Amino acid sequence: MSASILDGKATALRLREQFRDQVAALAARGQRPGLAVVLVGENPASTVYVRNKVAACEAAGIYSENIVLSADTEPARIIERIEALNRDPRIHGILVQLPLPPHIDEATVLAAVAAHKDVDGFHTENVGALALGNPRFIPCTPRGVMALLASAGIALCGREAVIVGRSNIVGRPMARLLLAADATITVCHSRTRDLSFHTRRAEILVVAIGRPAMITADMVKPGAVVIDVGINRRADGSLCGDVDFASVREVASWITPVPGGVGPMTIAMLLANTIEAAQQAANQTERFLAA
């Protein structure tokens with residue numbers, strides 16, 4: 001029997017209905033959520049992602065700014081623009097679209113974003129808060145995966161969860177979230193010996209490695225829940241994930257498609273984080289006025 005589909009697109013649409021109500025409530029308090037996206041260079045994939053994010057903001061009633069800088073922009077100039085956004089009261093969330101051009105140090109640029117506006121959850125202060133179990137903002141993709149699992153009523157407590165990939169964007173925060181949900185965690189990476197040994201043990205398998213169709217049916221435990229975070233473009237222009245969807249679907253119990261799985265949830269969680277940042281700002285303003 002083929003696996004059931006974890007439909008990120010449909011789940012994200014349901015969440016956006018809730019977001020519109022939350023945005024309206026905040027606007028009534030004088031705090032319309034605002035998101036600024038900083039794009040450096042003309043990476044085609046990044047341009048598409050930014051366009052989708054801006055459109056999602058507009059649909060939810062969130063104010064958005066799209067700052068586009070040329071690929072040869074000096075790092076100091078990028079940081080200057082970010083610092084201006086840090087001071088802008090209309091902006092509650094700042095997202096720097098990755099990857100940045102090779103001459104720019106990503107860590108330095110990301111550190112320039114104020115922690116209370118870091119809706120990607122990449123600032124060291126927010127990474128530390130997540131590690132301690134008291135997050136301000138949860139990185140959007142891992143948060144989207146958790147929301148997608150919850151939407152299907154998939155239990156995590158006590159289950160064997162294997163994550164393939166250890167990036168700061170997905171793998172590491174994903175491990176912390178699953179651990180917080182009382183799953184037993186294994187993180188695999190490029191130095192893991194006998195990857196299949198680990199993946200075949202997984203009841204929950206999350207794959208985020210950026211290699212087309214690397215995980216095949218013989219590497220998956222029958223009945224596993226398979227989350228494919230990867231998105232890769234084939235030579236013919238079509239998209240595929242890190243999981244061989246056609247074969248793994250015949251083994252798994254649940255599986256995410258690519259596209260239409262984790263991607264829409266990532267954007268939805270960006271909106272959620274921006275709304276939460278605006279709520280925090282509104283609460284702080286009201287406390288100040290009441291003092």
Side-chain angles (χ1 to χ4, degrees), residues 8 11-27 29 31-39 46 49-50 52-67 82 85-86 88-98 109-151 167-170 172-174 176-177 180-181 229 262-285:
T11 304
L13 286 173
R14 289 195 296 271
L15 289 170
R16 289 188 195 183
E17 292 293 331
Q18 300 173 23
F19 296 160
R20 276 193 284 269
D21 293 339
Q22 293 170 7
V23 170
L26 278 166
R29 295 167 63 187
Q31 197 76 267
R32 182 188 179 191
L35 174 70
V37 180
V38 179
L39 175 64
S46 293
Y49 295 153
V50 168
N52 290 341
K53 290 166 184 175
V54 170
C57 283
E58 293 174 351
I62 295 173
Y63 170 72
S64 65
E65 285 191 17
N66 188 12
I67 293 101
I82 291 172
L85 294 170
N86 287 338
D88 190 338
R90 299 171 302 169
I91 300 299
H92 302 97
I94 302 170
L95 180 149
V96 179
Q97 183 65 44
L98 301 178
V109 171
L110 294 176
V113 177
H116 66 282
K117 294 191 177 186
D118 167 41
V119 288
D120 254 339
F122 295 161
H123 192 285
T124 53
E125 182 178 317
N126 291 327
V127 172
L130 176 62
L132 292 173
N134 187 31
R136 176 193 278 133
F137 300 117
I138 298 172
C140 300
T141 297
R143 183 177 181 182
V145 170
M146 295 299 285
L148 196 53
L149 292 168
S151 73
S167 74
N168 291 328
I169 296 174
V170 180
R172 295 173 192 263
M174 191 77 252
R176 294 186 182 107
L177 293 176
V229 180
V262 175
M265 294 299 295
T266 297
I267 295 177
M269 294 303 103
L270 174 64
L271 303 186
N273 282 350
T274 301
I275 292 167
E276 288 169 10
Q279 288 171 334
Q280 293 168 15
N283 293 341
Q284 185 175 22
T285 298

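None of these values were measured; they are calculated from a predicted model. Side chains are part of it too, since the values below use all heavy atoms of this structure and drop only hydrogens, waters and symmetry mates.
Side-chain contact between Thr141 and Val229 is present, with at least one heavy-atom pair separated by less than 4.5 Å. Side chains of Ser64 and Glu58 form a contact here, defined as non-hydrogen atoms less than 4.5 Å apart. Contact annotation: the side chain of Ser46 approaches that of Leu39 to within less than 4.5 Å [non-hydrogen atoms, C-beta and beyond]. Residues Glu65 and Ile91 form a side-chain contact, since some pair of their non-hydrogen atoms from C-beta on lies under 4.5 Å apart. Using a 4.5 Å heavy-atom threshold, the side chains of Val170 and Pro139 count as separate.
Ion pairing between Arg136 and Glu276 fails under the 4.0 Å rule for side-chain N and carboxylate O.
Minimum interatomic distance between Ile275 and Gln22 (heavy atoms only, all atoms of both residues): CG2-OE1, 3.6 Å. Of all heavy-atom pairs spanning Arg143 and Asn273, the tightest one is NH1-OD1, 2.5 Å. Of all non-hydrogen atoms in Met146 and Ala181, the two that sit nearest each other are CE-CB, 4.0 Å. The heavy-atom pair separating Leu26 from Pro33 by the smallest distance is CD1-CG, 3.8 Å. Of all non-hydrogen atoms in Val127 and Gly121, the two that sit nearest each other are CG2-O, 3.7 Å. The shortest non-hydrogen separation linking Pro173 to Pro142 is CG-CG, 3.8 Å.
Remark: side-chain polar atoms of Lys117 are paired, donor with acceptor, to backbone N or O of Asn86 under 3.5 angstrom. Under a 3.5 Å cut-off, the side chain of Asn126 and the backbone N or O of Ala115 do form a donor-acceptor pair. Distance alone, capped at 3.5 Å, is enough to place a donor-acceptor pair between the Ser151 side chain and the Leu148 backbone.
The NE2 atom of His116 sits 8.5 Å away from atom CZ of Phe137, with the distance rounded to the nearest 0.5 Å. To the nearest 0.5 Å, atom CG of residue Leu98 and atom CG of residue Leu110 are 5.5 Å apart. To the nearest 0.5 angstrom, Leu35 atom CG is 7.0 Å from Ile62 atom CD1. Within the model, atoms CD1 of Ile267 and CG of Asn52 stand 5.0 Å from one another, a figure rounded to the nearest 0.5 Å. Within the model, atoms CG of Leu130 and CD of Glu125 stand 13.0 Å from one another, a figure rounded to the nearest 0.5 Å. Interatomic distance, CD1 of Ile138 versus CE of Met174, reported as 9.5 Å (0.5 Å rounding).
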- Message: One pair to check against side chain to side chain contact (heavy atoms under 4.5 Å, CB included): Val113 and Val96. What are the steps and the verdict?
- Response: CA-CA 9 Å; Val113 177; Val96 179; 4.1 Å; yes
- Full working for side chain to side chain contact (heavy atoms under 4.5 Å, CB included) between Lys53 and Gln97: CA-CA 11 Å; Lys53 290 166 184 175; Gln97 183 65 44; 2.8 Å; yes
- Step by step, work out the side chain to side chain contact (heavy atoms under 4.5 Å, CB included) result for Val50 and Leu95. CA-CA 10 Å; Val50 168; Leu95 180 149; 5.7 Å; no
- Between Leu271 and Cys57, does a side chain to side chain contact (heavy atoms under 4.5 Å, CB included) hold up when you go through it step by step? CA-CA 7 Å; Leu271 303 186; Cys57 283; 3.7 Å; yes
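Tested against Tyr63 for a side-chain hydrogen bond (donor to acceptor under 3.5 Å, both in side chains), the candidates His92, Arg32, Arg90 yield a single pass: Arg90.
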